[in-house]
Asker: 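My questions will all concern the structure given below.
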2 protein chains.
Amino acid sequence: MKPQLSDNLCFALYTASNALTRAYRPLLERFDLTYGQYLVMQALWLEDKVSLTELSRQTRLDPGSLTPVVKRLEGKGMLTRTVSSEDERRKVIALTETGQALQQQAAVVKSELEQKTDIDPQVIDTLRRHCLTLADQLAKV
Amino acid sequence: MKPQLSDNLCFALYTASNALTRAYRPLLERFDLTYGQYLVMQALWLEDKVSLTELSRQTRLDPGSLTPVVKRLEGKGMLTRTVSSEDERRKVIALTETGQALQQQAAVVKSELEQKTDIDPQVIDTLRRHCLTLADQLAKV
DNA sequence: GCCAATTAGTTAGCGCGCAAATCAATAGCG
DNA sequence: CGCTATTGATTTGCGCGCTAACTAATTGGC
């Protein structure tokens, strides 16, 4: 067996991540969401009325990436961005009723995708945890 | 423990992949390469003089994504793109001497990154293989 | 041999993810 | 108090990754 791209973890990870967002695309289309937007919505479903910096910490995404995503979600009526009264530098990002209601509707998406990949749940869990520790270690550099 | 974004495999994978390209950036900077360009170079180091379609198969990247990347690498003098004589639709992508020579110089990059993450090699290998099977399963949909 | 179908590659448009530069508001220190 | 340093958020510029639409070359069926 001669050496292959798939021998490298970085390739495997990159490929899996691309495959994931590709697989999510058709499922999220009916909600008019991209994967990045869906990620932000998930964060807000877990904790509403947060600042952009807090959202950045939770999603592990750059504020510069987040601003346009949040603006687009605002444009779709999913959330509001209001200047904080305590600290006028901050913007409080809060779900609208539409944004809250979407949580129930979008709940099927995850299970739809899981159905299409029949991987042992325990494998999924170790994969998940190993990805997180890797991400942490890479971030520490 | 209340539910978190990191409970989801998709989040873990997405985060790890972003962290990876972020970690590669400073290491590849001195070669004037992005991670995507480095990936294409790796593919060519393994098999030179291939068509764009073949490169697309090996890198698991869309031809539409690949064309501009390959053009940029051509602009940097790393490779040439010549129309195939047998089939004039095809373009043969071939490394230049500069492109070939880069392989030795860039060999350090991988080990540099490995040093910064002290994860059990066996864990890396299972992580790698699980990512590949996940990617395959997601692609089959 | 001809014409429709397929295949190879490109282009345009969109939405990222990030770094760097910028601006406004607040904190902190003398 | 006043001035600097820090913090929160935005903007700009770049390079992706993908879809869809397109062009050009080749294949295949009749």
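Letters A, B, ... are given to chains in the order of the sequence lines, protein chains preceding strands, and every chain is numbered from 1. As a basis for the values below, the full set of heavy atoms in this structure was taken, side chains included, without hydrogen atoms, waters or symmetry mates. Computed from a predicted model, the values in this text were never measured in an experiment.
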Asker: How long is the line joining CG of Leu55(B) and P of dA8(C), in whole Å?
Answerer: 14 Å

Asker: With a 3.5 Å distance limit and no angle check, can you tell me whether Trp45(B) reaches the backbone of Gly99(B) through a side-chain donor-acceptor pair?
Answerer: yes

Asker: Please report, rounded to the nearest Å, how far the P atom of dC16(D) is from the CG atom of Leu61(B).
Answerer: 10 Å

Asker: Side-chain N or O of Thr34(A) less than 4.0 angstrom from OP1 or OP2 on dG15(C)?
Answerer: no

Asker: Does the protein touch nucleotides 4-11 of chain D at the base, only the backbone, or not at all? Give it as B, S and - per nucleotide, heavy atoms under 4.0 Å.
Answerer: ---BSSBB

Asker: Starting from P on dC16(D), measure out to CZ on Arg22(B) and report it in whole angstrom.
Answerer: 17 Å

Asker: Are Asp7(B) and Lys2(B) within salt-bridge range, i.e. N to O under 4.0 Å?
Answerer: no

Asker: Can you list the residues that meet the side-chain contact (heavy atoms from CB on, under 4.5 Å) rule with Leu52(B), with sequence neighbours excluded?
Answerer: Pro63(B), Leu66(B), Thr67(B), Val70(B), Ile93(B)

Asker: Among dC16(C), dC16(D), dT26(C), which is the nearest nucleotide to the side chain of Val69(B)?
Answerer: dC16(D)

Asker: Expressed as a whole number of angstroms, how long is the span from Glu88(A):CD to dA27(C):P?
Answerer: 12 Å

Asker: Between dC16(D) atom C1' and Leu28(B) atom CG, what is the distance in whole Å?
Answerer: 14 Å

Asker: Pick one: which of Thr133(B), Thr126(B), Asp125(B) meets side-chain hydrogen bond (donor to acceptor under 3.5 Å, both in side chains) with Arg129(B)?
Answerer: Asp125(B)

Asker: Is there any protein nitrogen or oxygen under 3.5 Å from a nitrogen or oxygen in nucleotides 21-23 of chain D, and what are the pairs?
Answerer:
none

Asker: Considering residues at least two apart in sequence or located in another chain, which fulfil the side-chain contact (heavy atoms from CB on, under 4.5 Å) criterion with Asp120(A)?
Answerer: Gln122(A), Val123(A)

Asker: Using the test salt bridge (Lys or Arg N to Asp or Glu O under 4.0 Å), find all partners of Glu112(A) that sit at least two apart in sequence or belong to another chain.
Answerer: Arg30(A)

Asker: Please enumerate all residues that pass side-chain contact (heavy atoms from CB on, under 4.5 Å) together with Arg89(B), with sequence neighbours excluded.
Answerer: Asp87(B)

Asker: To the nearest Å, how far apart are Gln37(B) CD and dG15(D) P?
Answerer: 8 Å

Asker: Charged N to carboxylate O under 4.0 angstrom, Glu54(A) versus Arg57(A)?
Answerer: yes

Asker: In whole angstrom, what separates Tyr24(A)'s OH from dC18(D)'s P?
Answerer: 17 Å

Asker: Report yes if the side chains of Lys76(B) and Gln37(B) come closer than 4.5 Å at any heavy-atom pair, otherwise no.
Answerer: yes

